[in-house]
Every structure is written in C-alpha cells, then in structure tokens.
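Notes follow once the structure below has been shown.
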Amino acid sequence: QVQLVESGGGLVQAGGSLRLSCAASGRTFNIYAMGWFRQAPGKEREFVAALSRSGGSTSAADSVKGRFTISRDNAKNTVYLQMNSLRPEDTAVYYCAARKSFTVMTSPDFYDYWGQGTQVTVSS
C-alpha cells in the first residue's frame with residue numbers, strides 16, 4: 001500500500017504564491033506517474049498537472065499553464081506543485097495522486113492512490 005500526505009495549502013491573496021508538497025510512503029517502488037487534481041465546491045474533480053517518474057514527461061491543464069509548475073524529488077518520494085499568480089478561481093481542495101504506470105494521464109480514473117487533500121483559498 002502507498003500513503004500520500006499533502007501539505008502547504010492555506011489562504012493567500014490573489015496574485016500570491018503557494019507551494020504544495022505531497023510525501024509518499026509505503027510501497028513507493030510501485031509509483032511511477034504522479035499528479036495533482038483539485039475540486040471546488042459543487043464541481044467535479046479536475047486535473048491540474050502530472051509528471052512521470054523521471055520528470056521527463058509532464059502535462060498541465062490549460063487553466064494553470066504558465067502559472068503552476070509540477071516537480072518531484074524521487075530521493076525524498078515527494079512531488080511539489082508551485083502555484084504562482086493565484087486567482088480566486090483556483091480556490092479548491094487540492095489532491096495528490098499516484099499511479100502504478102509510466103504513462104502520464106489526466107483523468108482521475110487512472111490513478112491508484114490518493115491523498116486526503118489540502119485546502120487552497122485565494123481571496124480577491
């Protein structure tokens with residue numbers, strides 16, 4: 001089994017920055033691609049960004065391109081989401097996810113493990 005624990009969420013003003021972290025533990029050798037998703041109240045969970053184990057393959061939602069950057073430190077079993085130029089519409093619970101495959105996917109259906117989520121609130 002794999003456990004994912006997110007941290008770094010909080011309240012920030014529009015235009016500000018936050019860095020989310022997701023630490024993985026357990027059978028981490030099973031993990032290849034990792035991603036971030038978010039869910040706002042009353043909305044479906046949506047893809048934010050993902051990257052492969054090597055970091056050589058990445059994907060990001062159009063709404064965050066140029067503002068958010070995903071990265072990982074395999075030595076620490078940790079993935080990060082650097083969020084800059086935050087907007088009120090970025091307000092959501094952010095979830096870290098991992099999948100037992102090399103392929104980077106944008107649908108949450110393809111992910112095997114999930115964290116508990118961390119709240120990000122952007123005030124206008």
Side-chain angles (χ1 to χ4, degrees):
Q1 192 60 284
V2 171
Q3 295 78 41
L4 303 175
V5 179
E6 302 98 333
S7 61
L11 173 64
V12 64
Q13 288 187 333
S17 299
L18 283 175
R19 189 176 83 152
L20 304 183
S21 299
C22 173
S25 61
R27 299 171 68 85
T28 57
F29 58 86
N30 281 338
I31 296 175
Y32 295 98
M34 295 191 73
W36 287 94
F37 292 79
R38 65 187 182 186
Q39 188 166 18
K43 295 187 177 181
E44 293 186 353
R45 190 167 298 189
E46 66 173 1
F47 170 74
V48 176
L51 82 169
S52 61
R53 182 173 179 85
S54 68
S57 177
T58 62
S59 181
D62 289 342
S63 59
V64 306
K65 283 181 179 177
R67 301 188 299 123
F68 292 10
T69 302
I70 187 170
S71 61
R72 67 191 295 170
D73 184 338
N74 287 334
K76 296 181 179 180
N77 290 319
T78 301
V79 64
Y80 305 96
L81 184 68
Q82 178 66 45
M83 305 186 294
N84 299 326
S85 302
L86 282 161
R87 304 167 180 169
E89 54 264 38
D90 294 319
T91 296
V93 177
Y94 282 71
Y95 296 90
C96 172
R99 63 188 307 259
K100 296 182 289 187
S101 174
F102 289 103
T103 309
V104 173
M105 302 296 286
T106 61
S107 169
D109 295 340
F110 291 98
Y111 286 78
D112 303 290
Y113 307 105
W114 290 87
Q116 81 289 349
T118 185
Q119 177 70 48
V120 171
T121 303
V122 184
S123 62
S124 57

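Position 1 is the first residue of the sequence; numbering continues from there.
For the pair Arg99 and Tyr113, the NZ or CZ position fails the cation-pi test of under 6.0 Å to the six-membered ring centre and within 45 degrees of the ring normal.
With rounding to the nearest 0.5 Å, the separation of OG in Ser101 from CZ in Arg53 is 12.5 Å. Atom CZ in Arg45 sits 10.5 Å away from atom CG in Asp109 (nearest 0.5 Å). The OG atom of Ser124 sits 14.0 Å away from atom CZ of Arg87, with the distance rounded to the nearest 0.5 Å. For the atom pair OG1 (Thr78) and CE (Met34), the distance works out to 8.0 Å, reported to the nearest 0.5 Å.
Looking at Thr91, its side chain never comes within 3.5 Å of a backbone N or O of Thr121 through a donor-acceptor pair. With hydrogens and angles ignored, the 3.5 Å screen pairs a side-chain donor or acceptor of Tyr111 with a backbone N or O of Met105. The backbone N or O of Cys22 lies less than 3.5 Å from no partner atom in the side chain of Glu6, so there is not a single donor-acceptor pair.
Looking at every heavy atom in both residues, Val64 comes nearest to Val48 through CG2-O, 3.6 Å. Between Ser17 and Gln82, the closest heavy-atom pair is CB-NE2, 4.0 Å. Across all non-hydrogen atoms, the minimal contact from Ala92 to Ala40 is CB-N, 3.8 Å. Taking all atoms of both residues into account, the shortest heavy-atom contact from Val104 to Ser59 is CG1-CB, 3.9 Å. Across all non-hydrogen atoms, the minimal contact from Met83 to Leu20 is CE-CG, 3.7 Å. Heavy atoms only, all atoms of each residue included: Lys100 and Tyr32 are closest at C-CD1, 3.7 Å.
Taking the side chain as every heavy atom from C-beta outward, Leu18 and Leu86 approach each other to under 4.5 Å. In this structure the side chain of Thr118 never reaches within 4.5 angstrom of the side chain of Val93, judged on heavy atoms. Residues Leu11 and Val120 fail the side-chain proximity criterion, which asks for heavy atoms closer than 4.5 Å. Residues Ser57 and Leu51 form no side-chain contact, since every pair of their non-hydrogen atoms from C-beta on lies 4.5 Å or further apart.
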Fill in: Cys96 and Trp36: CA distance, side-chain angles, deciding distance, side chain to side chain contact (heavy atoms under 4.5 Å, CB included) verdict
CA-CA 5 Å; Cys96 172; Trp36 287 94; 4.0 Å; yes

Discussion item. Please determine whether side chain to side chain contact (heavy atoms under 4.5 Å, CB included) holds for the pair Leu81 and Arg19, giving the CA-CA distance in whole Å, both sets of side-chain angles, and the decisive distance to 0.1 Å.
Written reply: CA-CA 6 Å; Leu81 184 68; Arg19 189 176 83 152; over 6 Å; no

Worksheet entry | Verdict with supporting geometry, Leu4 and Val79, side chain to side chain contact (heavy atoms under 4.5 Å, CB included) | CA-CA 10 Å; Leu4 303 175; Val79 64; over 6 Å; no

Worksheet item: Between Ser85 and Phe68, does a side chain to side chain contact (heavy atoms under 4.5 Å, CB included) hold up when you go through it step by step?
Response: CA-CA 8 Å; Ser85 302; Phe68 292 10; over 6 Å; no

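Annotation: Tyr95 is not in aromatic contact with Phe37 [ring centroid separation under 6.0 Å not met].
Sequence neighbours left out, the pairs with a member in residues 65-82 that pass salt bridge (Lys or Arg N to Asp or Glu O under 4.0 Å) are Asp62-Lys65, Arg67-Asp90.
A donor-acceptor pair shorter than 3.5 Å can be found between the side chains of Arg38 and Tyr94.
At a threshold of 4.5 Å between side-chain heavy atoms, the hydrophobic network of Ile, Leu, Val, Met, Phe, Trp and Tyr places Phe110 and Phe47 in one connected group.
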